[in-house]
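The structure appears below as structure tokens.
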There are 2 protein chains.
Amino acid sequence: MTTATSTRELAHPTRDEIRLEGVLHALSDPMRLLIVREMAVAEADLACSYFTLPVTKSTTTHHFRVLRESGVIRQAYRGTAKLNGLRREDLDALFPGLIERVLEAAALEADRLGTDG
Amino acid sequence: MTTATSTRELAHPTRDEIRLEGVLHALSDPMRLLIVREMAVAEADLACSYFTLPVTKSTTTHHFRVLRESGVIRQAYRGTAKLNGLRREDLDALFPGLIERVLEAAALEADRLGTDG
DNA sequence: TCGTAATTACGAAGAGCGTCGTACAATGGG
DNA sequence: CCCATTGTACGACGCTCTTCGTAATTACGA
């Protein structure tokens, strides 16, 4: 109802509010791990529509929200799109090296299983 | 029914059967993370009764099983007790450095939050 | 053999998760 | 102004999870 154009704000946990258990849980889902892996290799933030997951848009929205609310990613509106990016700095400050190891482990497992990522 | 004394066998996933998502999920529960943290600082394998968790024994058994079936720990009977130990070699071979980072992150978070582990 | 300590099995309650479908909202372009 | 694009809200379904209580199992020791 406010007159501002892009007032759509998204709730993010502050760095202090991020919990290890929440991050691990967020990463323990195959779809979300896939999202995070694609996001990690990207230089810039990506729109949700960039990710082509074998689930509906509703489900995709749900997974993005879980990732955001756990502190793994940051989301911001830009026009009709919503840009997503890893919160690398926050995660590395809280859990040094953790994300890198998870990404590396995911890549190794993908190779090992012959699947992709 | 067999005449052997300690035939009680426990099903463990082979190294190849361990999945990253399963490991992350297993570690995403506070109780299980607590168990793994205590196990990590121990030199030898520990009995279930060593761990004093704020849940009942039934629940503790459940968590140990989740950890075993995800490949995080190994369990073996010895008398009336059941000894538990981290599968460090398997985990490090599959996901190099991952467990160490998780343990380190858990310790950092415990310090940060003033809780313990 | 009997008792005790350690752990499991089973069933159940309650909550949460992943998924979907449909209807809705916001933005930008013609 | 209308429409296409992008993403959300809501309700629902089935499944899994965490937790418990109680009964049962196993092994050791007296």
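Letters go in sequence order (proteins before strands), and every chain restarts at 1.
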Per the salt bridge (charged side-chain N to carboxylate O under 4.0 Å, His left out) rule, what does the pair list look like for residues 11-29 of chain B, sequence neighbours excluded? B/R15-B/D90
Separation of A/H25 atom NE2 from C/dG16 atom P, in whole Å? 12 Å
I'd like to check the side-chain contact (heavy atoms from CB on, under 4.5 Å) partners of B/A47; sequence neighbours left out, ordered by chain and number. B/S49, B/A81, B/L83
May I ask you to decide if B/A26's main-chain N or O and B/R32's side chain share a donor-acceptor pair within less than 3.5 Å? yes
Send over the distance from A/F51 CZ to D/dG7 C1', rounded to a whole Å. 14 Å
Where the side chain of A/T56 is concerned, which of D/dT18, C/dG18, C/dG21 is the nearest nucleotide? C/dG21
N or O in side chain of A/R78 less than 4.0 angstrom from C/dG28 OP1/OP2: no
Judged by each residue's nearest nucleotide on DNA chain C, which is more toward the 5′ side, B/S49 or A/P54? B/S49
Tell me: CE of A/M31 to C1' of C/dC17, nearest whole Å? 14 Å
Report the distance from atom OH of B/Y50 to atom P of C/dA5, rounded to the nearest whole Å. 21 Å
To the nearest Å, how far apart are B/L46 CG and C/dA6 P? 15 Å
Residues that B/R68 engages under salt bridge (charged side-chain N to carboxylate O under 4.0 Å, His left out), provided they are two or more places apart: none
When clusters are formed by joining ILVMFWY residues with side-chain heavy atoms under 4.5 Å apart, either directly or through shared neighbours, do B/L27 and B/L46 land in the same one? yes
Specify the separation, in whole Å, of atom NZ of B/K57 and atom P of D/dT22. 14 Å
Could you tell me which residues satisfy side chain to side chain donor-acceptor pair (under 3.5 Å) with B/R74, sequence neighbours excluded, listed by chain and number? B/D45
What is the distance, to the nearest angstrom, from the CG atom on A/L10 to the P atom on C/dA25? 18 Å
Stretch residues 58-71 of chain B: residues that reach within less than 4.0 Å of DNA chain C through a heavy atom: B/S58, B/T61, B/R65
Among residues at least two apart in sequence or on other chains, which ones pass side-chain contact (heavy atoms from CB on, under 4.5 Å) with B/A106? A/L20, B/L33, B/R37
Ring pair (Phe, Tyr, Trp, His ring centres under 6.0 Å) contacts in which one or both residues fall within residues 11-51 of chain B, not counting sequence neighbours: B/F51-B/F64
All N/O contacts under 3.5 Å from nucleotides 11-15 of chain D to the protein, with atom names and distances to one decimal?
none

Which residues satisfy the side chain to side chain donor-acceptor pair (under 3.5 Å) test with B/R88, sequence neighbours excluded? B/E100
Whole Å only: how far is the CD atom of B/Q75 from the P atom of D/dT26? 17 Å
Listing time: all N or O pairs from protein to nucleotides 1-4 of chain D that are below 3.5 Å?
none

By side-chain contact (heavy atoms from CB on, under 4.5 Å) - contacts of B/T52 (at least two apart): none
Applying side chain to side chain donor-acceptor pair (under 3.5 Å), name anything that partners B/T56, two or more places apart in sequence or on another chain. B/T59
